[in-house]
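Working notes, beginning with the structure itself.
Sequence positions, counted from 1, serve as the residue numbers for this chain. As the structure lists them, so they are numbered: ligands from 1, and atoms in each ligand from 1.
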Amino acid sequence: METDPSESEAGFAGLGLRAELLRALTNLGYEEPTPIQQGAIPPLIEGHDLVGQAATGTGKTAAFALPLLQGLKPAGRDAGPSALVLVPTRELAEQVSQAVHRYGRDLGVRVLPVYGGQPIGRQLQVLNRGVDVVVGTPGRVLDHIERETLRLGDIRTVVLDEADEMLDMGFAEDIEAILAETPESRQTVLFSATMPPRIDGIARRHLRNPTRITMGRKAVEPGELPLVRQSAYVVARAHRAAALGRILDVETPTAAIVFCRTREEVDQVTETLNGRGYRAEALHGGMSQDQRDRVMGRLRGGSTELLVATDVAARGLDVEQLTHVINFNVPVAPEAYVHRIGRVGRAGREGSAITLAEPREQRMLKAIERLTGQRITLEKLPTVTDLRARRLEVTRTALQASLETDDLERFRVVLDSLTDEFDVEDVALAAVKLLHEAAGGDRDEDEIPTPSLPPEGRRAAARDNRAPGGKVARLFFGIGRRAGVRPQDLVGAIAGEAGLHSRDIGAIQITDRFSLVEVPEPAADRVIAAMQRATIRGRRPTVRRERFAR
Ligand code: AMP
């Protein structure tokens, strides 16, 4: 925590980013670049092509979006977009597009997400008015190119984001076709969580002398890591704050640090925890040294039990009493995880490191396990029943401690006066109830839903379904060869909209007027529902179970 905040802000400035972007980052509460940003931003600003190995959660979006915005020239009225980002799914198209919008706010950037399932009319209107950055799924982008509603002649940068996922979804040909429409002089950037040979092939064919960035990690020496219990909970973003509260209620730490990515998040989490009855304080790089020292003093003195901090603010911090390190999200780099958990379990004391991960971030957990050589156990969130039981246990422990250590004589008059009229046991029960309530033990709680399976999990689940005996459903798509449908259009739509992995899609049969596609039976209804949103080759075909199954 001895870092001067101005020093950390120099982190992004030192990468050569323009003032408007630095301002946006400060407003978002980013304190310092992540490793992938540190490695990728300078060469990208210089105009090099780049291949980056990075998964979701590493900060890869900003790593390509910031340089892209840095070089943006206000487009003339008739000019087409100057940057194109291709992504595998509509969800990612929306996320990346929002990120570009937020980073580029002060530059007045116009960004448009395009993906199947969204009314094409609205996309056309916006395209006609002019956009600087298009973020789209390959199928829909190709649709626009074919309709001549998207001209790529002015493109200066193309980004292939999550390239491995795009290939898995059968988008290889579409990507090739799209790249062929862009100027050869373009800058090409490829990000992928994994680097199978097919990705290398694309890089070799379409990138010129690219800078390569792998998050080269050397394994951590066993002695470098404290022996702490490491666990993780997978929870959707919307329920993360509730999940944190529940975990704290069950874990009852003596003193804990909750790590967040940004200052904004630090402030939100602090507020939530205080609302839940914790004594939580924020610690971030935007605070003066004096303020930070005071917060630390209160944690050491025990008048604060939770510190909510960014990495920068917590650097070098050493608190003896610390029992828990909690990661409100997976840290952007596995190395940061190692630094964070180094705050507990010092000098042989026991400690816990708990990480909340969004479904998509599970890959990052694996990367951390590889780095540390230690397992992170995936835990189920405590249910409302678990929580109630735990709170009763806390009340019981408090009573037991009081029985063992307190001088209770002065309360005897109360007891005596009541036992004339009531049974002693009933009096005790009433006292327990009041204590329990006073400690917030009967606060109302809602169940936190288990997230739908993440991509990896889904794959595994669907594969199981295809195991011998696994049932397959055949779906009818009311669109066929006459409408120009190719297998990859069907795979792309199903993978993109229903989140099924291409590997789990079985036989595809395309006739003149309709197509039949096999999917795992347990996923069939989900696929049908998702297809209500999907457009395939510009149409929205009927999708249902095949009526005359053979
Ligand atoms: P990504 O890997 O691009 O999906 O980003 C993961 C998350 O990290 C997003 O929520 C970003 O807002 C956040 N993030 C990206 N870069 C930084 C940074 N330098 N500091 C703090 N948070 C960041």
Worksheet item: Which of the listed options, F64, Y103, Y30, holds the heavy atom that is closest to atom 23 (C) of ligand 1?
Response: Y30

Worksheet item: What part of F191 sits under 4.0 Å from ligand 1 if we count only heavy atoms: the side chain, the backbone, both or neither?
Response: neither

Worksheet item: Side chain, backbone, both or neither: which part of T262 comes within less than 4.0 Å of ligand 1 when only heavy atoms are counted?
Response: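 It is the side chain that gets close, since no backbone atom is under 4.0 Å.
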
Discussion item. How far is atom 16 (N) of ligand 1 from the closest protein heavy atom, and which atom is that?
Written reply: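 Sorting protein heavy atoms by distance from atom 16 (N) of ligand 1 puts Q37 NE2, 2.7 Å first.
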
Worksheet, complete the sentence: For atom 6 (C) of ligand 1, the closest protein heavy atom turns out to be R261 NH1, 3.5 Å

Discussion item. Can you confirm whether more than 12 heavy atoms, excluding those of E379, are under 6.0 Å from its CD atom?
Written reply: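 More than 12 heavy atoms, drawn from other residues, nucleotides or ligands, come within 6.0 Å of this atom.
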
Worksheet item: Has H339 got more than 12 heavy atoms of other residues, nucleotides or ligands less than 6.0 Å from its NE2?
Response: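 For H339, atom NE2 is not crowded (no more than 12 foreign heavy atoms under 6.0 Å).
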
Worksheet item: Any side-chain donor paired with an acceptor under 3.5 Å for T535 and R140?
Response: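 There is such a pair between these side chains.
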
Number the atoms of ligand 1 from 1 as they appear, then name those within less than 4.0 Å of a heavy atom of [X], with their elements.
| X | answer |
| --- | --- |
| G59 | 1 (P), 2 (O), 3 (O), 5 (O), 15 (C) |
| T58 | 2 (O) |
| T61 | 1 (P), 3 (O), 4 (O) |
| G57 | 1 (P), 2 (O), 4 (O), 6 (C) |

Worksheet entry | Non-hydrogen side-chain atoms of T377 and R229 separated by less than 4.5 Å |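 In short, these two side chains do not touch, never coming nearer than 4.5 Å.
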
Worksheet item: So do the side chains of R298 and R294 get within less than 4.5 Å of each other, counting heavy atoms only?
Response: yes

Item to complete: Could you say whether the N/O atoms of K60 and ligand 1 ever approach to under 3.5 Å?
Response: yes

Item to complete: Tell me, with the steps shown, if D200 and R212 meet salt bridge (Lys or Arg N to Asp or Glu O under 4.0 Å).
Response: CA-CA 11 Å; D200 219 44; R212 284 180 190 270; 3.5 Å; yes

Worksheet item: Any heavy atom of E32 sitting closer than 4.0 Å to ligand 1?
Response: yes

Fill in: Trace of the salt bridge (Lys or Arg N to Asp or Glu O under 4.0 Å) decision for E91 with R237
CA-CA 14 Å; E91 185 198 15; R237 183 183 290 227; over 6 Å; no

Item to complete: May I ask you to decide whether R18 forms a salt bridge with E20, counting only side-chain N to carboxylate O separations under 4.0 Å?
Response: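 Counted as a salt bridge, because a side-chain N and a carboxylate O are separated by less than 4.0 Å.
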
